[in-house]
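Each remark here refers to the structure printed beneath this line.
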Amino acid sequence: MAQATPEASPVAFTPFDGPLAAEQVITLPTTEPTTMDPGVSYGDDELNLFWNLFDGLVGVDQVTGEVVPRVAESWDINEDASQFTFHIRQGVLWSDGTPLNANDFVYSWQRVLDPNTLSQYMDALGPIKNASAIMAGEMALDQLGVTASDDYTLVVDLEGPTTFFPLLASTWTYFPVPKHVIDEKAEQWVEAGNMVSNGQFMLTEWTHDQRMVVEANPNYYGEKPTLTKATYTIFSDATAQAFVAYEADELDYCAPGGPDVERINSDASLADQIVRFELSNCYFVVCDTSNSPTDQIPFRQALSKVISRSTLADTIFKGEYLAAYNVLPANIPGNNPNAVLPESVDEAKQLLADAGIDPASVTIDFTFLNLEFNTTVAQYLQSTWQDNLGITVTMNPIEDSTYSDWRASRETEKFGVYTGSWGSDFADASNWFNQNFTTEADHYRNHWSNAEFDSLVDTAVTNTNTEERNQQYSDAEVILVNDASIIPFLRGRALRMVKPWVKDLYFQPILSVVHLRTIKIAEH
């Protein structure tokens, strides 16, 4: 089936047309990036910059949420949505003036799957033909189902029908990266002065642990941004620290958390600077299903049942978060709000008794990031599990800088439980279930395997019947929640502070970082 170039659906909004400030600059917070290589990143705070430094084939319009053309001006889809042909714009340049064409996407996607790249998110390419075999070392990189039939035509063959592929192609792992720079600079290509990108902005400064600066890319192919520069101040914990700088007018934007939220909510003078929206994410406990006692379903279910999610969301976090009883957010098709393990301390105790588990003899190790949010959650859960179940919970805080390596090592090393989370990269249940929780994916290294779950989501991912597909994911969510290999407890509720002079800033619940492309700074 051929498809015309998609257009963003019309939304009633009025762009700012008042007087502009002489200097179109903005200052925002971030943390030190884990990596500035989009082909490596699993999606940490570097996403704050990726969306402004790089353009993929397509993007997601921040006003409408619709997929819109970027480097590809249009695309065609075959009859069963197993092949997409992208038509690349002519005249697209890298920020150093070097031409960019379809071959750059072939190189970039193959590079993600190259074991020498050490990509942390190669699973994102899973739907492309032969990607899984290449990841398993069974096929060569050049067998990946992506070819440039000429400089301006990119043909993508998929393992099967994949109706959501344009959404997937909008994510950062699919961004092009500059071969000519990487060949010369190797891993240092991401440093300021070396980095070449293709988005509206380019990286001009990265003073590690202090500041990053991006400036408008003069070689950008599309509409030029109004902003000329954005400075990102680097904090060790931007959520906990940035609001003080915002109050001092050192930042034009921040995403505060913790005690600052209560103070903001009670200060009427700040009301016109607050932006609120529900996030497409979930926070959960990850259980090692191969290690006693969390290898037993009744024990994991008991851990889930004694959590008072409303207490955590409304009392401890004072409404900063929402209680989460199922995994998929409401904006993801196929979500099942009835996939719930009902809370009940009495039922939890009975589960342990029926399973012959003596709580007094049980000790579990609880690992969590040593950040304010995670520590607060861990302290609540430790108290809840110890007080209600009588088990012993030992705390193991780890630093953000070592978290990625620690989690990767869980593939072979045992653990008890740890705090995990996932946020939608695109609006499809496959991004949650197929990429994270199948036996093969095991993204959280908790060794959970359920054949019925695997069968449902493996069938759903290529199902072109929307109603059937959503039901399959809905049924799969029941299994995931009931087995309690992960235990959902909270969902994000964004509170963002935006100075009155920052205009035309839009957020989506998915990957709701600041996109600079529409922003204007009003005279003030």
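When reading the values below, keep in mind they use all heavy atoms of this one structure, side chains included, and skip hydrogens, waters and symmetry mates.
With respect to the salt-bridge test (charged N to carboxylate O, under 4.0 angstrom), the residues Lys520 and Asp504 qualify. Salt bridge Glu205/Arg211: present, at least one basic N to carboxylate O contact under 4.0 Å. Salt bridge Arg445/Glu411: present, at least one basic N to carboxylate O contact under 4.0 Å. Between Asp55 and Arg517 a salt bridge is recorded (basic side-chain N to carboxylate O distance below 4.0 Å). Under 4.0 Å is where a charged nitrogen must lie from a carboxylate oxygen, and between Asp37 and Arg111 at least one such pair does.
The side chain to side chain donor-acceptor pair (under 3.5 Å) search around Asn217 returns none, not counting sequence neighbours. In this structure, Lys129 has no salt bridge (charged side-chain N to carboxylate O under 4.0 Å, His left out) partners at least two apart in sequence or on a different chain. For Ser108, there are no side chain to side chain donor-acceptor pair (under 3.5 Å) partners at least two apart in sequence or on another chain. Take Asn331 and apply the side-chain contact (heavy atoms from CB on, under 4.5 Å) test, not counting sequence neighbours, and it matches Ser280, Pro329, Pro509, Ile510. Listed by chain and residue number, nothing satisfies the side chain to side chain donor-acceptor pair (under 3.5 Å) test with Tyr418 (two or more places apart in sequence, or in another chain). The side-chain contact (heavy atoms from CB on, under 4.5 Å) check on Val25 picks up Glu23, Thr228, Lys229, with sequence neighbours excluded.
Checked against the 6.0 Å centroid criterion, the rings of Phe164 and Phe426 qualify as a close aromatic pair. Between Phe175 and Trp51, the ring centre distance stays below 6.0 Å. Trp109 has its ring centre less than 6.0 Å from the ring centre of Tyr174. A distance of 6.0 Å or more separates the ring centres of Phe86 and Phe105. Checked against the 6.0 Å centroid criterion, the rings of Phe277 and Phe507 qualify as a close aromatic pair.
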Between Asn130 and Gln143, is the side chain to side chain donor-acceptor pair (under 3.5 Å) condition met? List the steps. CA-CA 7 Å; Asn130 298 333; Gln143 296 300 300; 4.9 Å; no

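A donor-acceptor contact under 3.5 angstrom links the side chains of Thr439 and Asp454, judged on distance only.
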